[in-house]
K.L.:
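Structure below; questions to follow.
Hydrogens, waters and symmetry mates play no part in the numbers below; they use all other heavy atoms, side chains included. Predicted model, so just to flag it, every value in this text is computed and none were measured.
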Amino acid sequence: MELTGTNYGDLRTLAGKLLTVQDEERRRVSRDLHDNVNQRLGEIGLQLDSLCRHLPESPVAVRRQIRTIRRHVNKLSDDVRQLAYQFHQTTVEDLGFVVALQRYINDFVKRTGIKARFAKPRAGTSIPLRMATSLYRIAQEALGNVGLHAKASEVTVELMITPEILCLSIHDNGIGMNLEEKRSRATGLGMLSMQERARLLNGTLEWHSTPGEGTRIMVRLPWPTEQL
């Protein structure tokens with residue numbers, strides 16, 4: 001089937017709507033995790049504490065088992081809170097892109113043990129929410145790939161803003177990949193969504209990688225945003 005200009009435009013419109021729906025669904029799941037599941041886990045933890053206090057004559061083994069269950073509940077609650085944080089970019093809406101991404105990078109370092117550096121403009125620049133959300137999701141996906149696949153020890157994230165362009169770069173020192181082989185296979189949904197998010201903002205997203213020499217992802221978007 002040959003794609004005409006109209007067909008292609010319709011596909012891009014559909015892709016944009018699908019990404020919007022995806023972000024809205026992330027918000028809903030995040031609220032459910034935080035407001036429902038996590039609160040119920042907290043209630044279970046309080047009940048365990050109360051049970052432990054009201055069983056002063058119980059065998060030591062029983063009290064030890066209750067404390068072990070309490071630790072498991074705490075760990076599960078932390079995991080749920082982390083999932084809610086990953087699903088919803090509340091910090092982007094509340095704090096702006098730069099602060100939100102810095103927080104995510106700090107969390108990435110704690111989770112993976114991979115060193116990370118975030119280079120950003122000194123002067124605070126307000127990035128509109130639509131652009132900030134897309135950039136945040138792209139960075140989230142890219143760093144997730146670094147943590148899962150790159151076998152890297154260090155990653156550098158750089159945000160640059162000129163009078164004409166905004167550029168976000170994520171560069172790791174991992175094992176890299178053969179881009180020709182990757183292009184010859186079906187592209188993953190993560191890579192497709194990253195590219196589409198950039199395209200919907202009239203921008204571009206490029207991969208540069210060589211086996212053994214790490215990977216760099218470069219996002220370029222028109223700036224100022226009046227051009228969008």
K.L.:
How close do L166 and W223 get, counting heavy atoms only, and between which atoms?
P.N.:
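Closest pair (atom of L166, atom of W223, distance): N-CB, 3.7 Å.
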
K.L.:
Locate the shortest heavy-atom distance separating I138 from A198; write the atom from each residue and the value.
P.N.:
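Smallest heavy-atom distance, with atoms named: CD1-N, 4.3 Å.
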
K.L.:
Any donor and acceptor pair, going by atom type alone, linking the side chain of S209 with main-chain N or O of G214 inside 3.5 Å?
P.N.:
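Confirmed, S209 side chain pairs with G214 backbone.
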
K.L.:
Would you indicate whether H72, at its atom NE2, is surrounded by more than 12 heavy atoms from other residues, nucleotides or ligands within a distance under 6.0 Å?
P.N.:
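No, the 6.0 Å shell around NE2 holds no more than 12 heavy atoms from other groups.
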
K.L.:
If the condition is side-chain contact (heavy atoms from CB on, under 4.5 Å), which residues does S126 pass it with, not counting sequence neighbours?
P.N.:
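S126 satisfies side-chain contact (heavy atoms from CB on, under 4.5 Å) with no residue once adjacent residues are dropped.
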
K.L.:
To the nearest 0.5 Å, tell me how far I127 CD1 sits from L159 CG.
P.N.:
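Here the interatomic distance stands at 5.5 Å.
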
K.L.:
Knowing that exactly one of E196, M218, Q195, R199 qualifies, which makes a side-chain contact (heavy atoms from CB on, under 4.5 Å) with L205?
P.N.:
Q195

K.L.:
Is there a side-chain contact between F118 and N106, using heavy atoms and a 4.5 Å cut-off?
P.N.:
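Sidechains of N106 and F118: no contact.
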
K.L.:
Taking C-beta and beyond as the side chain, do F97 and L129 meet within less than 4.5 Å on heavy atoms?
P.N.:
no

K.L.:
Would you please name every residue forming a salt bridge (charged side-chain N to carboxylate O under 4.0 Å, His left out) with E206, sequence neighbours left out?
P.N.:
R220

K.L.:
Find out whether the Lys NZ or Arg CZ of R103 is both under 6.0 angstrom from the six-membered ring centre of Y136 and within 45° of the ring's axis.
P.N.:
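So R103 doesn't make the cation-pi contact.
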
K.L.:
Take F108 and I114 through the test side-chain contact (heavy atoms from CB on, under 4.5 Å) and record every step on the way to the result.
P.N.:
CA-CA 8 Å; F108 169 83; I114 298 172; 3.9 Å; yes

K.L.:
Can you check whether M194 reaches V219 side chain to side chain, under 4.5 Å on heavy atoms?
P.N.:
no

K.L.:
Within the structure provided, determine whether L143 and V157 are in side-chain contact (heavy-atom separation under 4.5 Å).
P.N.:
yes

K.L.:
Flag yes if L221 and I165 sit in one hydrophobic cluster, no otherwise; membership is Ile, Leu, Val, Met, Phe, Trp, Tyr, and two members link when side-chain heavy atoms are under 4.5 Å apart.
P.N.:
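No; I165 is not reachable from L221 via cluster members.
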
K.L.:
Evaluate the side-chain contact (heavy atoms from CB on, under 4.5 Å) criterion for residues Q102 and V98: first the C-alpha distance (whole Å), next the side-chain angles of each, then the deciding distance (0.1 Å), finally the verdict.
P.N.:
CA-CA 6 Å; Q102 182 66 71; V98 172; 5.6 Å; no

K.L.:
May I have the list of side-chain donor-acceptor pairs in residues 167-176 shorter than 3.5 Å, sequence neighbours left out?
P.N.:
residue	atom	partner	partner atom	Å
S169	OG	R216	NH1	3.0
H171	ND1	R216	NH2	3.2
D172	OD1	G174	N	2.8
D172	OD1	T215	N	3.4
N173	OD1	S153	N	3.0
N173	OD1	E154	N	3.0
N173	ND2	S153	OG	2.8

K.L.:
Could I get the full list of side chain to side chain donor-acceptor pair (under 3.5 Å) partners for R71, not counting sequence neighbours?
P.N.:
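Partners of R71 by the side chain to side chain donor-acceptor pair (under 3.5 Å) criterion, ordered by chain and then number, come out as T68.
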
K.L.:
Once rounded to the nearest 0.5 Å, what's the spacing between atom CG of N145 and atom CD1 of I217?
P.N.:
6.5 Å

